[in-house]
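Okay, so here's the structure we're looking at.
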Amino acid sequence: MSINTKITGVGSYLPETIVTNAMIEDILDTSDEWIIKRTGIRQRRVVKDETTTYMAVEAAKRAVENAGIKSENIELIIGSTISGDVSSPAIASYVQRTLGCENVAAMDVAAGCTGFIYAMATAISLMETLNKNTAVVVASENLSCRSDWSDRSSCILFGDGAGAVVIERSESNSIYHPVLHAIPDTDDVLYVASSKYAHPWSKDIATDDCAIRMDGKKVFAFAVDAVEKTLNELTELCGDKPITKIILHQANNRIIRYAATSSSYDKDQFFVNVDRLANTSSASIPLAIDEAAREGWLKKGDVVALVGFGAGLSYGGIIIEWAI
Ligand code: COA
């Protein structure tokens with residue numbers, strides 16, 4: 001028998017610095033017009049002094065405050081990032097340390113831009129397995145420092161920020177139908193490089209490349225297919241309790257528009273903030289949830305499909321019933 005859970009708090013952090021397409025025109029052979037036409041992105045937030053950890057902690061603090069709980073009541077923290085300040089420990093461990101939660105399980109999941117969906121599924125599963133009452137799921141990304149600013153086909157896509165939710169046990173269930181998938185990325189069409197040292201017994205050479213590498217066209221084809229399949233799957237699983245709102249990973253407005261045309265849903269049912277925040281990888285969905293909740297776009301009782309896709313090639317979705 002599975003436990004009942006719901007989201008009781010949401011929070012986010014965005015750096016103040018805004019980089020517009022016009023500012024990128026000054027450093028690269030690109031144009032505002034090209035970027036808007038191909039992606040819908042007009043601007044992105046980028047860190048000045050903030051780290052991935054700092055943004056994660058701020059977003060988690062705001063979610064905890066929004067839930068009206070005490071940090072010491074948190075029993076599980078699941079983080080997600082493709083741009084950690086360190087490879088280890090997890091951002092979840094830094095959130096634990098800063099929030100002062102003594103007795104928690106803390107770990108990150110690595111599922112590329114689908115990370116928040118995987119983290120939500122992990123959180124509700126572990127709450128049941130480990131018999132926990134309260135969890136924080138936090139995703140934080142500093143992609144401006146993982147972008148190759150000489151590669152005009154990718155650096156224009158990304159932005160920075162963090163989002164978090166608090167999940168608590170409840171009488172009725174408001175988080176359900178997690179669907180997680182992955183198909184092998186045999187051509188390495190999407191990955192984040194990692195710097196490394198060489199050692200005397202290896203043919204490997206040292207590299208300081210840590211940028212996002214991508215074959216845009218192939219990733220686009222994968223993304224629209226993954227979104228279509230996941231939305232169909234969630235629609236079927238929801239049966240006679242129809243999905244009312246959809247929050248897709250905010251990668252590109254063309255992908256969102258494509259999903260709206262290829263599905264039975266109206267374009268107004270899709271939340272969009274990629275025009276202002278660009279692609280913030282695994283942070284994009286909780287950032288969108290927070291903005292949609294604050295703006296009143298999300299209404300109590302909404303049945304919301306969250307759908308993500310990214311490196312791996314991972315994809316998946318989950319349903320949340322908005323209950324705040
Ligand atoms: N400004 C101006 N021209 C650019 C450019 C830029 N920023 N980036 C690429 N171009 C040029 C290319 O050099 C190419 O020129 P050419 O025809 O002279 O060779 C032309 O524009 C078309 O490039 P192409 O790569 O075919 O464009 P595209 O239509 O596939 O759009 C993306 C590129 C990246 C916007 C698109 O493929 C995409 O959105 N992919 C998905 C990316 C994504 O969402 N990744 C994250 C998933 S989690």
Side-chain angles (χ1 to χ4, degrees), residues 12 14-48 82-83 112-113 141-163 189-190 192 211-228 231 245-263 265-292 294-295 297 307-311:
S12 67
L14 283 169
E16 271 180 25
T17 307
I18 292 173
V19 171
T20 61
N21 293 344
M23 290 159 80
I24 302 181
E25 279 179 3
D26 291 341
I27 57 164
L28 276 178
D29 179 15
T30 188
S31 68
D32 181 43
E33 191 193 353
W34 191 97
I35 300 171
I36 291 174
K37 191 168 169 217
R38 305 287 170 124
T39 69
I41 296 166
R42 293 173 184 273
Q43 61 179 53
R44 66 285 295 141
R45 300 293 185 101
V46 303
V47 294
K48 205 164 197 174
I82 63 164
S83 51
C113 300
E141 304 286 5
N142 173 355
L143 303 180
S144 55
C145 299
R146 288 285 189 286
S147 295
D148 175 350
W149 287 96
S150 65
D151 176 8
R152 66 178 181 170
S153 67
S154 65
C155 70
I156 48 125
L157 297 172
F158 300 105
D160 303 335
V189 300
L190 180 59
V192 186
I212 300 165
R213 301 291 170 198
M214 185 186 71
D215 179 330
K217 274 206 185 320
K218 288 187 178 160
V219 173
F220 191 92
F222 152 71
V224 290
D225 189 47
V227 169
E228 192 174 346
L231 263 183
K245 302 273 169 69
I246 297 155
I247 297 182
L248 300 185
H249 164 44
Q250 304 285 304
N252 180 326
N253 203 25
R254 270 166 67 210
I255 297 174
I256 302 173
R257 283 205 309 266
Y258 188 95
T261 5
S262 68
S263 73
Y265 297 99
D266 191 82
K267 73 173 186 1
D268 295 339
Q269 288 175 279
F270 290 79
F271 185 80
V272 179
N273 67 5
V274 67
D275 53 327
R276 285 167 289 116
L277 302 188
N279 179 345
T280 55
S281 188
S282 69
S284 86
I285 292 176
L287 272 164
I289 297 173
D290 189 39
E291 185 181 326
R294 275 186 289 108
E295 280 187 354
W297 187 83
V307 178
F309 51 86

Full working for side chain to side chain contact (heavy atoms under 4.5 Å, CB included) between F309 and I255: CA-CA 11 Å; F309 51 86; I255 297 174; 4.0 Å; yes
Pair F222-V189, side chain to side chain contact (heavy atoms under 4.5 Å, CB included): steps then yes or no: CA-CA 10 Å; F222 152 71; V189 300; 6.0 Å; no
Steps toward side chain to side chain contact (heavy atoms under 4.5 Å, CB included) verdict (F158, S83): CA-CA 12 Å; F158 300 105; S83 51; over 6 Å; no
Chi angles and distances behind the side chain to side chain contact (heavy atoms under 4.5 Å, CB included) call for I256, V227: CA-CA 9 Å; I256 302 173; V227 169; over 6 Å; no
Stepwise side chain to side chain donor-acceptor pair (under 3.5 Å) check, N252 with R257: CA-CA 9 Å; N252 180 326; R257 283 205 309 266; over 6 Å; no
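You'll find the side chain of V47 reaches within 4.5 Å of the side chain of S144, heavy atoms only. Considering only heavy atoms from C-beta on, I247 comes within 4.5 Å of W297 through its side chain. Residues S282 and C113 fail the side-chain proximity criterion, which asks for heavy atoms closer than 4.5 Å. Between T39 and L157 there is a side-chain heavy-atom pair separated by less than 4.5 Å. Taking 4.5 Å as the limit, some side-chain heavy atom of L143 sits within range of a side-chain heavy atom of I82. A heavy-atom distance below 4.5 Å is not found between the side chains of R42 and T20.
Minimum heavy-atom separation, D151 to S154: OD2-OG, 2.9 Å.
For F220, the CZ atom counts as densely surrounded, since its 6.0 Å shell holds more than 12 non-hydrogen atoms of other residues, nucleotides or ligands. With a 6.0 Å radius and a threshold of 12 heavy atoms from other residues, nucleotides or ligands, E295 has its CD atom above the threshold.
The CZ atom of R44 lies 8.0 Å from the SG atom of C155; values are rounded to the nearest 0.5 Å. The distance from the NE2 atom of H249 to the CD1 atom of I285 is 7.5 Å, given to the nearest 0.5 Å. Summarising the geometry, atom CD1 belonging to I35 is positioned 4.0 Å from atom OG1 belonging to T30; distances are rounded to the nearest 0.5 Å. Residue I24 holds its CD1 atom at 13.0 Å from CG of D29, rounded to the nearest 0.5 Å.
Put simply, the side chain of D148 never gets that close to the backbone of A211: no donor and acceptor are under 3.5 Å apart. Without hydrogens or angle criteria, R146 side chain to I212 main chain gives no donor-acceptor distance under 3.5 Å. Judged purely by atom type and a 3.5 angstrom limit, Q250 uses its side chain to pair as donor or acceptor with the backbone of L248.
Counting only residues at least two apart or in different chains, side chain to side chain donor-acceptor pair (under 3.5 Å) contacts with residues 215-228 comprise D225-K229. Within the structure, the salt bridge (charged side-chain N to carboxylate O under 4.0 Å, His left out) test picks out the following pairs touching residues 272-290 (sequence neighbours left out): R276-E291, D290-R294.
Residues E141 and T280 bring no donor and acceptor atom of their side chains to less than 3.5 Å of each other.
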